[in-house]
Number of protein chains: 2
Amino acid sequence: MPAPPPDPFKTFLGYHLRRLSVAVMSDLTATLAPLGLKPAEASILYVLKSHPGLTQSEIGKFLGIQRANMAPLIAGLMQRGLLERRSVDGRSQALKLTPTGEKTRAAAWAANAAHEARMFAPLSPPARQKLITQLRTLWHPHQNT
Amino acid sequence: MPAPPPDPFKTFLGYHLRRLSVAVMSDLTATLAPLGLKPAEASILYVLKSHPGLTQSEIGKFLGIQRANMAPLIAGLMQRGLLERRSVDGRSQALKLTPTGEKTRAAAWAANAAHEARMFAPLSPPARQKLITQLRTLWHPHQNT
DNA sequence: TATTGTTATACTCTATAACTATA
DNA sequence: TATAGTTATAGAGTATAACAATA
């Protein structure tokens, strides 16, 4: 009885990280679609809930999204009445959620939490928290932007 | 002294999974670039080392790459003399590494292993293996393709 | 000079549809 | 009828460069 061929990625953490991340992102995209939000848009709403008054450049730095790509994202959320602007100086504007934006954020947050519970059900809450801690230890933002 | 604003993604495993995965993929891309390989191409070489004789469709199923996107990848590797084909029947061809392909694969593998050691240095080997096991438990391939 | 927001644009990755030739 | 390989193409997501207005 011949041994089964070995999995070439058995020792490569990066491979499993990537495959799981892609699967989770795909599920999150489907989860948020009924709310008319993409993951990046929902993330912006989350950041503005906890950090109201940030400019769009600052949000981009926080999320790893470039200025040039933030512009259409913010414009779309503004157009839907989810955000409002207040001029800080002539070139930058503080952003915050409108009441509608906060309702949408809360709905997205609930859907996102349900998605997390579904995707990571095999892990106990402590195991999940430990995993988050490990991933944060390994992720050094300066490697990106 | 006001409390710092909370990180909105503190409890979202998916977010940290994604940020780390993007950083790791970026580093891997840079690591493999001097060998003239993209991560997907290196993965194909790895799979053919452990599973010689697979067709390109089978490799695509293994890696989660669609048939249509496998065609140019395989064509490029063929053109560089890294792969050879043997007709199984009129429509499918078994693939294997050429001697040059095996040399390139070995070089990519060594670079990839060094990349992993660098990226995941904070984790001991047992911790790293446990993390791989956890990620594999959470990843159900049928969610994708 | 440096920064914010914006536009235009290009590049990669991924997804779908359709075709051929084979089975 | 179904499958392997291919081509064409469209859509995201992301990257750089350049500009106007402002600091």
Side-chain angles (χ1 to χ4, degrees), chain A residues 14-15 18-19 21-30 32-33 36-44 48 53-79 83-95 141 143-145, chain B residues 14-15 18-19 21-30 32-33 36-44 48 53-79 83-95 141 143-145:
Chain A
Y15 178 80
R18 159 102 161 137
R19 294 303 297 260
S21 174
V22 167
V24 169
M25 278 297 289
S26 168
D27 188 277
L28 179 61
T29 300
L32 295 174
L37 291 174
K38 286 174 279 190
E41 294 170 330
S43 295
I44 291 169
L48 281 174
L54 288 189
T55 66
Q56 70 186 60
S57 288
E58 291 169 331
I59 298 170
K61 278 171 197 155
F62 189 93
L63 294 174
I65 302 174
Q66 309 223 358
R67 281 198 322 288
N69 298 326
M70 283 298 291
L73 285 171
I74 296 296
L77 294 172
M78 286 287 302
Q79 195 172 358
L83 306 183
E84 60 186 16
R85 288 176 149 152
R86 175 179 54 82
S87 280
V88 173
D89 58 35
R91 58 185 177 180
S92 56
Q93 293 149 319
L95 295 167
Q143 289 172 342
N144 298 355
T145 306
Chain B
Y15 179 79
R18 160 102 162 136
R19 293 305 296 261
S21 174
V22 167
V24 169
M25 278 297 291
S26 168
D27 187 277
L28 180 60
T29 299
L32 295 174
L37 291 173
K38 286 175 278 190
E41 294 170 328
S43 296
I44 291 170
L48 282 175
L54 288 188
T55 67
Q56 72 185 60
S57 288
E58 291 168 331
I59 298 170
K61 278 172 196 153
F62 190 92
L63 293 174
I65 303 173
Q66 308 224 357
R67 280 196 322 288
N69 298 327
M70 284 298 291
L73 285 172
I74 296 296
L77 295 172
M78 286 288 302
Q79 195 173 356
L83 306 184
E84 59 186 17
R85 289 177 148 151
R86 175 179 54 82
S87 280
V88 172
D89 59 34
R91 59 186 175 177
S92 57
Q93 293 149 320
L95 296 167
Q143 289 171 341
N144 298 356
T145 305

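So that the names make sense, note that chain A is the first sequence line, chain B the second, and so on, each numbered from 1.
- Regarding A:K38, its NZ atom lies at a distance of 13 Å from the P atom of D:dG11, rounded to whole Å.
- Distance check: A:Y15 OH to B:L63 CG gives 5.0 Å after rounding to the nearest 0.5 Å.
- Along DNA chain D, the nucleotide nearest A:T29 and the nucleotide nearest B:A71 are compared for position; the residue whose nucleotide lies closer to the 5' end is B:A71.
- Atoms CD (B:Q93) and P (D:dG5) sit 6 Å apart, rounded to a whole Å.
- B:R67 places its CZ atom 12 Å from the C1' atom of C:dC19, with the value rounded to the nearest Å.
- In this structure, A:A68 reaches the bases: a heavy-atom distance under 4.0 Å links it to at least one base atom across the strands shown.
- DNA chain C is contacted by both B:D89 and A:P72; A:P72 maps to the nucleotide lying nearer its 5′ end (nearest heavy atom per residue).
- Atom pair A:R85:CZ and C:dT6:C1' shows a separation of 10 Å (rounding to whole Å applied).
- Applying the 4.0 Å criterion to OP1 and OP2 of D:dG13, one finds that A:Q66 has every side-chain N and O outside that range.
- The side chain of B:S57 places an N or O atom within less than 4.0 Å of a non-bridging phosphate oxygen (OP1 or OP2) of D:dG5.
- With respect to A:Q56, the side-chain contact (heavy atoms from CB on, under 4.5 Å) criterion is satisfied by exactly one of A:L48, A:I74, A:I65: A:I74.
- Following rounding to the nearest Å, B:Q79 (CD) and D:dT6 (C1') show an atom-to-atom distance of 15 Å.
- The backbone N or O of B:V22 lies less than 3.5 Å from no partner atom in the side chain of B:S26, so there is not a single donor-acceptor pair.
- As a whole-Å value, the separation of B:Q56 CD from D:dT3 P is 16 Å.
- B:N69 comes within contact range of at least one nucleobase, with a heavy-atom separation under 4.0 Å.
- B:S21 OG to A:R19 CZ: the interatomic distance, rounded to the nearest 0.5 Å, is 11.5 Å.
- A side-chain donor-acceptor contact under 3.5 Å links A:S43 to the backbone of A:P39.
- D:dG13 atom P lies 17 Å from atom CE of B:M25, rounded to whole Å.
- When the C1' atom of C:dA15 is taken as reference, atom CE of B:M70 falls 16 Å away, rounded to whole Å.
- Along DNA chain D, the nucleotide nearest A:G90 and the nucleotide nearest A:P39 are compared for position; the residue whose nucleotide lies closer to the 5' end is A:P39.
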